[in-house]
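All values reported here derive from a predicted model rather than from experimental measurement. Chain naming here is simple, since letters A, B, ... match the order of the sequence lines and numbering starts at 1 in each.
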There are 2 protein chains.
Amino acid sequence: MRTAFHPRLVAIDDQVRDMCGVVRGAMHAATAALSETDLGLAESVIENDAQLDTSAHEVEDRIFHLLAQHQPVAQNLRFLLAALHTAAALERMGDLAVHVAKTTRMRYPMPVIPTDLRGLVADMGAIASQMITTADVALERGDPSTARVLRDLDREMHRLHRELFIITCSPAWEHGVPAAVDISLLSRSYELFADHAVTIGERSVHVIPQQVNGSVNLR
Amino acid sequence: MRTAFHPRLVAIDDQVRDMCGVVRGAMHAATAALSETDLGLAESVIENDAQLDTSAHEVEDRIFHLLAQHQPVAQNLRFLLAALHTAAALERMGDLAVHVAKTTRMRYPMPVIPTDLRGLVADMGAIASQMITTADVALERGDPSTARVLRDLDREMHRLHRELFIITCSPAWEHGVPAAVDISLLSRSYELFADHAVTIGERSVHVIPQQVNGSVNLR
């Protein structure tokens, strides 16, 4: 029973970490498509999202069967419930990358972001990348310091969101209403993406089971 | 063991259903505060949100201990995993009601919504109310027809979101950029609220355990 349990636990951990990589790639590509007005790249983000939805359902299914058949307790149970939340959060983060990609597609061939704001939006994209990378490290190590790093990055993301909000709503704004609306909704998607990353970091603290942590020999 | 298990299952179901009622009240109050520019009501939504966060953590804790101590399988396990997702979704729906309330507070004493758009925003609020009420029925009955109703209401919510988007981005828009930005972000919060309600409906299909469904004598 134990030999069947450990590889299945590791397989769930692997799949969640793979989802993390897919989400990182999706948000990176969505931000690049936005910056470079690249329709093909935006389309690929939208198409690839189905893969994340499928993975989230598979993770959930695997967790259900592992709980039903092995009835894990303590640390292993805690890990599986955290993995369930993480998979759901990653699925929603993929949806937010799709929202960014769809905005590029909607305005194509016009760029969404006025030239003078590209730096700020690129900063949001860069923080989103750092956050999903840090969330992945949190999943790997369950270390409280990664949760703190995520909260700091989240504060910076909220600051950028407020800065963009103030710029678009100032009397000096000269790019018109549609650009202001697009930027506000995009900025909100990055902010929600950051919130999910924080949640992943918080949930992963102290939940790494021995079987996954010490699983070098199992892989 | 069974006598201890059933009341605990029912207690989790009760607490999730209570959270549903709190979320319904929060979004109803947030919409009323927005329509009537009522600062006190907006503040109460913001303050009361802590209660939802506490409940979500309690539900999660109860589920963890029930899984660890009773190792339920089949329908009961499925119900508990769905309850875990539902509590997390309700917590996020509460955050979206807080976002609506904070927009009212930010612009107070000015109203957020221009007079000619109050009808559309009121419609979004009404659909949000119907959706959380329907999600509650879905939790009670696990009936696939409620999931279908939720998807129909969700389509209507997306239609209203697009309608507001088109109005704010049209050349005829005369209320300025800040109003357009506020309305877009509010409308997005209602849309995300609807998405969560759909997820609750989908997850609740066929997961009502006998112990909860037939629990009249336990209550």
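- Residues of residues 189-196 of chain A lying within less than 4.5 angstrom of chain B, judged on heavy atoms, are A:Ser189, A:Leu192, A:Asp195, A:His196 in numerical order.
- In terms of heavy-atom proximity, A:Leu81 sits nearest to B:Leu84 at CD2-CD2, 3.8 Å.
- At a 4.5 Å heavy-atom cutoff, the contact between B:Thr199 and chain A is made by side-chain atoms alone.
- Proximity to chain B is limited to the side chain of A:Leu96, based on heavy atoms less than 4.5 angstrom apart.
- At a 4.5 Å heavy-atom cutoff, the contact between A:Ala74 and chain B is made by backbone atoms alone.
- A distance of 6.0 Å separates SG of B:Cys169 from CG of A:Asp182, quoted to the nearest 0.5 Å.
- Chain B forms more heavy-atom pairs under 4.5 Å with one residue of A:Ile63, A:Leu77, A:Val73 than with any other, namely A:Leu77.
- In this structure, no portion of A:Ser170 lies under 4.5 Å from any heavy atom of chain B.
- Within the 4.5 Å cutoff, side-chain heavy atoms of A:His99 are placed close to those of B:Arg188.
- Scanning all heavy atoms of the two residues, the minimum distance from B:Ala180 to A:Val177 falls at CB-CG1, 3.4 Å.
- A salt bridge does not link B:Arg78 to A:Glu60: none of the charged side-chain nitrogens sits closer than 4.0 Å to a carboxylate oxygen.
- Using a 4.5 Å cut-off between non-hydrogen atoms, the part of residues 148-167 of chain A that approaches chain B consists of A:Phe165.
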